[in-house]
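Scroll down for the structure; my scribbles are underneath it.
Everything numeric in this text was worked out from a predicted model, so none of it was measured.
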Amino acid sequence: RTLVALVEEEIELGMPMLVLIITMMQDQVLLVQQEMEAEASAKVTAMEEAELQREMVEAAYSSGIEILQGSPISDRKSKFLAHIARVSDVQEAMDVVRELRSNKSIAMACHPSIWAYRIRDKNQKMHQDADDDGETGASKKLLFLLDQTELENVVVVVTRWFGGILLGPDRFKHIFNCAKEALVTHKYLEK
């Protein structure tokens, strides 16, 4: 319906014209504000991701272990991001976790390092461990992924930035999917 039709309808109902115009203008201002906030939020997110990518390159360089980053998954203002690395022992896996936690953006996350690793040592003994970092049950999903795909000598670390809206069980799906996507992207796994 057109603005003229709305005005004519409201006039017939006896609403004063000035009240109608003010109400409609307030609605328009609110819509414009929401659009501007969404644009600003998208710009900040893009800048944060670019900064995070730059910092990750620096982190990989300083540790000597190549840390590869997956694509972020966003849902209801929460963001999930996976990092993976080839490691030869438990100490290297913990070095990767420590290196990632030293990153300013990651350290500020609600759950900076949900991790799991599977490492076969020189004696063919399998070492595996995982940590939820406060997201109870999340690391079991990562360890399950590594176990089911039979990956060895790899550590997977997922970071979750909480957006203020509870995701329920969807959070586990996102943790699993962003880790799997990183493993596929960097050719640790086939699609």
With distance as the sole test, does [X] use its side chain to make a donor-acceptor pair with the main-chain N or O of [Y] at under 3.5 Å?
X	Y	value
W161	S105	yes
N153	S88	no
D121	D89	no

For the atom pair [atom1] ([X]) and [atom2] ([Y]), what is the distance rounded to the nearest 0.5 Å?
X	Y	atom1	atom2	result
F172	S139	CZ	OG	9.5 Å
E135	I114	CD	CD1	5.0 Å
K180	I84	NZ	CD1	13.5 Å
K77	F162	NZ	CZ	11.0 Å
D75	H174	CG	NE2	3.5 Å
E92	Y117	CD	OH	12.5 Å

Any residue meeting ring-ring contact (aromatic ring centres under 6.0 Å, His included) with H111, in chain and number order, not counting sequence neighbours: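 In terms of ring-ring contact (aromatic ring centres under 6.0 Å, His included), with neighbours along the sequence ignored, H111 is linked to no residue.
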
Go through the steps for R76 and D170 under the test side chain to side chain contact (heavy atoms under 4.5 Å, CB included), then give the verdict. CA-CA 11 Å; R76 291 169 270 179; D170 284 349; 2.7 Å; yes

Might you work through the side-chain hydrogen bond (donor to acceptor under 3.5 Å, both in side chains) test for N177 and E181, ending with a clear yes or no? CA-CA 6 Å; N177 286 339; E181 180 276 331; over 6 Å; no

Write down the atom of [X], the atom of [Y], and the distance for their closest heavy-atom approach.
X	Y	value
V87	V155	CG1-CG1, 4.0 Å
D131	D133	OD2-N, 3.0 Å
V157	P112	CG1-O, 4.4 Å
D95	R98	OD1-NH2, 2.7 Å
A182	G70	CB-CA, 3.7 Å
L167	S78	CD1-CB, 3.8 Å

List the residues meeting salt bridge (charged side-chain N to carboxylate O under 4.0 Å, His left out) with R86, not counting sequence neighbours, and say none if there are none.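 Here no residue qualifies.
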
Any [X] side-chain heavy atom under 4.5 Å of [Y] side chain:
X	Y	answer
L145	L183	yes
L100	W115	no
V156	Y188	no
R118	L143	yes
R160	I175	no

Any chance you could lay out the side chain to side chain contact (heavy atoms under 4.5 Å, CB included) test for E99 and I67, step after step, and finish with the verdict? CA-CA 9 Å; E99 189 76 48; I67 303 171; 4.0 Å; yes

Answer yes or no: does atom CE of M108 have more than 12 heavy-atom neighbours from other residues, nucleotides or ligands under 6.0 Å?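 For M108, atom CE is not crowded (no more than 12 foreign heavy atoms under 6.0 Å).
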
Using the test side chain to side chain donor-acceptor pair (under 3.5 Å), find all partners of Q148 that sit at least two apart in sequence or belong to another chain.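 With neighbours one apart ignored, the set is empty.
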
